[in-house]
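Every number for a ligand or one of its atoms is a count from 1 in the order of the listing. A quick note: this is a predicted structure, and the numbers were derived from the prediction, not measured.
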Amino acid sequence: MIKRFNDLQQLNVEAAALFIQAANDAITQNGYFTVALTGGSSPIGLYQLLAQAPYRDQVQWENVYVFWGDERWVPLDDERSNARMALTTLLKHVPVPEEQVFPMWADGVSPQEFAREYEQTLRLHLQPDGCFDLILLGMGPDGHTASWFPHTDVLHERNKWVAAYYLDAQDMYRITLTVPIVNRASHVAVIAYGANKADALYEVLKGAPNIEHYPAQLLDRADEQITWFVDEAAASRV
Ligand SMILES: O=C1O[C@H](COP(=O)(O)O)[C@@H](O)[C@H](O)[C@H]1O
């Protein structure tokens, strides 16, 4: 499902409503809610809203388990850290227990080893089939989502739940949930706005299949299980 907005505030309000609904449904059904957060700039407004009343008070944070969809392999105090952004905009302002927050970072371990450990952590906390209740994602102007960058081997990973690899173009390691685990989520919400996303959004949603160029085409959920929150600028070609 594609939800288009003129107004970014309204986009964030509706994304917050989806988050709250998904949390409440999962907690009613299972007693807890598992979510993977996204990084970049697009979710900042959503996180800031969720950190404030009345939104903050509509989530039973003590029953929430927070993971990340992807990360730049940098320490938590590095300004490039996706976890740092979510901690400062959202998680430090809500009563989620610290032991239920799982940033994709640890000192003194290789990114590959950490990816294996993170998968074990997921296996402890997710339903046996590896199904997240909600995965939040963004999309770059190059059509990447999570850390599925164009022309990288990780696009073809089908066994691991979490993978780490060196991204030459950015001269850094990336760690990411893989295609099969994202495509098992009960719901996926992608936030993409701004005119610089228009070409990629068109190619991902309407273009000819080309996952190497537009990795977000790998998102494979039924229409009711994926929501694209986009503004009119990003959706201008859709
Ligand atoms: O590098 C990343 O970029 C994407 C998109 O970021 P945005 O700034 O265009 O919103 C993001 O979804 C991903 O988590 C991040 O690692």
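- The shell of residues lying under 4.0 angstrom from ligand 1, judged by heavy atoms, includes Arg174.
- In His144, the part holding a heavy atom less than 4.0 Å from any atom of ligand 1 is the side chain.
- Between the CG atom in Leu137 and the CE atom in Met139 there is a gap of 11.0 Å [rounded to 0.5 Å].
- The side chain of Asn82, and not its backbone, has at least one atom closer than 4.0 Å to an atom of ligand 1 (non-hydrogen atoms only; side chain from C-beta on).
- Between Glu232 and the options Arg4, Lys197, Lys3, a salt bridge (Lys or Arg N to Asp or Glu O under 4.0 Å) holds for only Arg4.
- Nearest protein heavy-atom neighbour of atom 1 (O) of ligand 1: Arg72 NH2, 2.9 Å.
- Judged by distance alone, with hydrogens and angles left aside, the side-chain atoms of Asp78 form no donor-acceptor pair with the main-chain N or O of Val74 at under 3.5 Å.
- Those atoms of ligand 1 that come under 4.0 Å of a heavy atom in Asp70, given as number and element, are 13 (C), 14 (O), 15 (C), 16 (O).
- An N or O contact shorter than 3.5 Å links Ser42 to ligand 1 by distance.
- Taking the six-membered ring for Trp and the full ring otherwise, the centers of Tyr193 and Phe229 sit at least 6.0 Å from each other.
- Judged by the 6.0 Å and 45° rule, Arg174 forms no cation-pi pair with Trp73.
- Taking the six-membered ring for Trp and the full ring otherwise, His187 and Phe132 have centroids separated by 6.0 Å or more.
- Residue Gly39 has at least one N or O atom closer than 3.5 Å to an N or O atom of ligand 1.
- Asp77 and Arg84 are not joined by a salt bridge, as no carboxylate oxygen comes within less than 4.0 angstrom of a charged side-chain nitrogen.
- The protein non-hydrogen atom at the shortest distance from atom 9 (O) of ligand 1 is Lys197 NZ, 2.8 Å.
- The closest protein non-hydrogen atom to atom 12 (O) of ligand 1 is Thr38 OG1, 3.2 Å.
- With hydrogens left out, the protein atom closest to atom 6 (O) of ligand 1 is Gly40 CA, 3.6 Å, a heavy atom.
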